[in-house]
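These notes concern the structure reproduced below.
These values consider heavy atoms only, across backbone and side chains, with no hydrogens, waters or symmetry-generated copies.
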Number of protein chains: 2
Amino acid sequence: MKQQKRTTIYDIAQKLNLAASSVSRALSNSDKINAETKALVLKTAAEMNYQQNAMASNLRKGNNPTIGVVVPRINQYFFSNIIAGLEEVTFNKGYNLVICQSNELHSREVAGVNALVNQNVSGIVISIAAEQGSSDHLQQVLDRNIQLIQFDRVLEELETFKVVNDNHKASYEAVKHLIDQGYRRIALLEGPQELHIFRERKEGYLAALRDHGFPVQEELMYANAWTKELGAVATARLLDMAIPPDAIFASTSDFAALGVLEVASAKGIRIPEELGICGYSNEPFTEITSPSISTIDQFSIEMGKTIGNLHFQEMENSGMVIKKTVNIKPKLIIRKSSQRL
Amino acid sequence: MKQQKRTTIYDIAQKLNLAASSVSRALSNSDKINAETKALVLKTAAEMNYQQNAMASNLRKGNNPTIGVVVPRINQYFFSNIIAGLEEVTFNKGYNLVICQSNELHSREVAGVNALVNQNVSGIVISIAAEQGSSDHLQQVLDRNIQLIQFDRVLEELETFKVVNDNHKASYEAVKHLIDQGYRRIALLEGPQELHIFRERKEGYLAALRDHGFPVQEELMYANAWTKELGAVATARLLDMAIPPDAIFASTSDFAALGVLEVASAKGIRIPEELGICGYSNEPFTEITSPSISTIDQFSIEMGKTIGNLHFQEMENSGMVIKKTVNIKPKLIIRKSSQRL
DNA sequence: TTGTATGCGTTATCAG
DNA sequence: CTGATAACGCATACAA
């Protein structure tokens, strides 16, 4: 297997008795070049199988048309959708996407961000890991004038664009819906409160209770129930109470809601008659459980596109815009698990 | 917002009254440098907030430690799992991952591959789009001595490593299982036969019928039913036959199987008593439908890891290894939708 | 061990 | 319109 040398602009310049600079101009579609020579160059370039060396070009131009993405997990519906939406936008602009997953680990998040900085990417899109630490790595990104866009799980104190769902509102509406359906003891499955999004969801829950004259009962709020397994455990406990809840809002995820559903079904509790359930995220499976699970759609694909557009818009304005927070309005999807009227 | 210049090795060389080469050596942990000066360089580099310019380094070294991935859709469970598994391996080796999605379009696949070639990536991992065309773009990858690994949907004629499931065997076993459960008229939902994987699955189906003395009946084989909607349409047709099938093997996907389940349920057909169903891919939702859907697990995360390992292994052997096909053995997951004994 | 010089493949600047 | 030349930031062969 021979190591084949790539053909460079010099090779094709030599062949045509031209200067490399002319070849470069032809290839970059400059207007400072004769139309005929341009055509000739293009033709021979194709013949010689020329492909530009992006690294050299980017080094010279001092910028790298790629966007780095750091997410907790690539293979989660929400995140892979964000990426898919983002890719849609970046592809059309000729930008590349470099992906890192933090696995919810701060150290890996830092490593990923640094790798992206080293590559001189034009922007970094991030949703921070559950395990948190110093935000120096992100501050560095800003110092180096790399566009930084946070989404979903954001660090508020950093002055960046943020694309988030209105968690408070979504949560409020979910609880209001449960109240409207006649549920009176509504339990909450909480996520890690270090993450902003979960605090907001809790506040939305509390606000809805307050606004409708319901008492806040500590024993109905169950911390850290954000997987199917933890949701199941939480449900078992809640249903064992002297006066158990008549509805459970799994503000953490649909997976937690699924845990609720399975445990409750196993106990022979009728849903939605005896127990209302609402999840969060509109995972595909919520549509096909029995009963189907009410949930909140976060418009993840649109979010990805919004992030991409924001990046290019900010680039054009070269960072002179005020970094604002874009709120994607989530939508309550009412299904059978919470409809008893 | 000031455009901040990145500090380079020259900056830190100047500050320390050293040559840039010495700084470079210190930073790259060379042994041809005094331990003290190395420590000094490292220290000041940190102080000056130095980050290596990967593009310059890669250009000089003539290689780019990143792997490009081209998949039809990022946000599909199977593919995002492949990526997650792959990322696990590449991260540990300090490699980056660049992701492109073809959206099942040949033109986008070509564009993606070319972009990756331009970036001089060390390897490309691809699962080809349903819409097929010339394979010149992939041949180019080989000509340029870039590692090419195909997975799942592969072009057989190309001499590359291939990581695939044994589709034939999985399909065979699924059908055998249905036969063992006493089903006698087993229908097949086929995928686009241009794709190798779907031809193999069909052959597995045919082989199983043949080996068990069942006649092959053209009217039981339904082409191009690889989405939930198409699966539903196919099912409606099949169930309307004079002598309808008593089992349906959705060899295309679990989504198609879901379409089957929904249509059959709506018609009041009892599953698995009157109709057996088996899907393909072990999507998370197959576990929670009612009844749960029998399916085939492809071990996607492991596949991703295998691909990664293969890349590095091949790199070390500098391509002298014979390009073989790695067969990941899929596993039949028997659930309620096909168990009536 | 350290410094000097050169080149990786492009693009931008300046003359012609 | 075209050619010569420098520079992007780093790594290496060679000399000291």
Tell me the interatomic distance from [X], atom [atom1], to [N], atom [atom2], rounded to whole angstroms.
| X | N | atom1 | atom2 | answer |
| --- | --- | --- | --- | --- |
| A/I9 | C/dA12 | CD1 | P | 11 Å |
| B/K32 | D/dA11 | NZ | P | 15 Å |
| A/N118 | D/dA11 | CG | P | 11 Å |
| B/D31 | C/dT1 | CG | C1' | 11 Å |
| A/Q14 | D/dA4 | CD | P | 13 Å |
| A/L18 | D/dG3 | CG | C1' | 10 Å |

Closer than 3.5 angstrom, by distance alone: can the side chain of [X] be matched with the main-chain N or O of [Y] as a donor-acceptor pair?
| X | Y | result |
| --- | --- | --- |
| B/E87 | A/Q101 | yes |
| B/K38 | B/S30 | yes |
| B/Q150 | B/L155 | yes |

(message) Is it the case that the base of D/dG9 and the side chain of A/R60 share a donor-acceptor contact (distance under 3.5 Å, atom types as modelled)?
(response) no
Compare the minimum distances between each of [options] and the side chain of [X], then state the nucleotide with the smallest one.
| X | options | result |
| --- | --- | --- |
| A/L59 | C/dG9, C/dT11, C/dT10 | C/dG9 |
| B/A56 | D/dA11, D/dG9, C/dT13 | D/dG9 |
| B/S24 | C/dT10, D/dT2, D/dA11 | D/dA11 |
| A/S22 | D/dT2, D/dA11, C/dT1 | D/dT2 |
| B/A19 | C/dG9, C/dT4, D/dC10 | C/dT4 |

Give a yes/no answer on whether the side chain of [X] brings an N or O atom under 4.0 Å of OP1 or OP2 in [N].
| X | N | result |
| --- | --- | --- |
| A/T8 | C/dG9 | no |
| B/T37 | C/dT2 | yes |
| A/Y50 | C/dT10 | yes |
| B/S57 | D/dA11 | yes |
| B/Q52 | D/dA11 | yes |

Looking for any heavy atom pair under 4.0 Å, which part of the strands does [X] touch: base, sugar-phosphate only, or nothing?
| X | value |
| --- | --- |
| B/N63 | nothing |
| B/L27 | nothing |
| B/I33 | sugar-phosphate |
| A/S21 | base |

(request) Would you indicate whether A/E157, at its atom CD, is surrounded by more than 12 heavy atoms from other residues, nucleotides or ligands within a distance under 6.0 Å? (result) yes
(request) Tell me, yes or no, whether the heavy-atom count around B/E302 atom CD, taken from other residues, nucleotides or ligands under 6.0 Å, exceeds 12. (result) yes
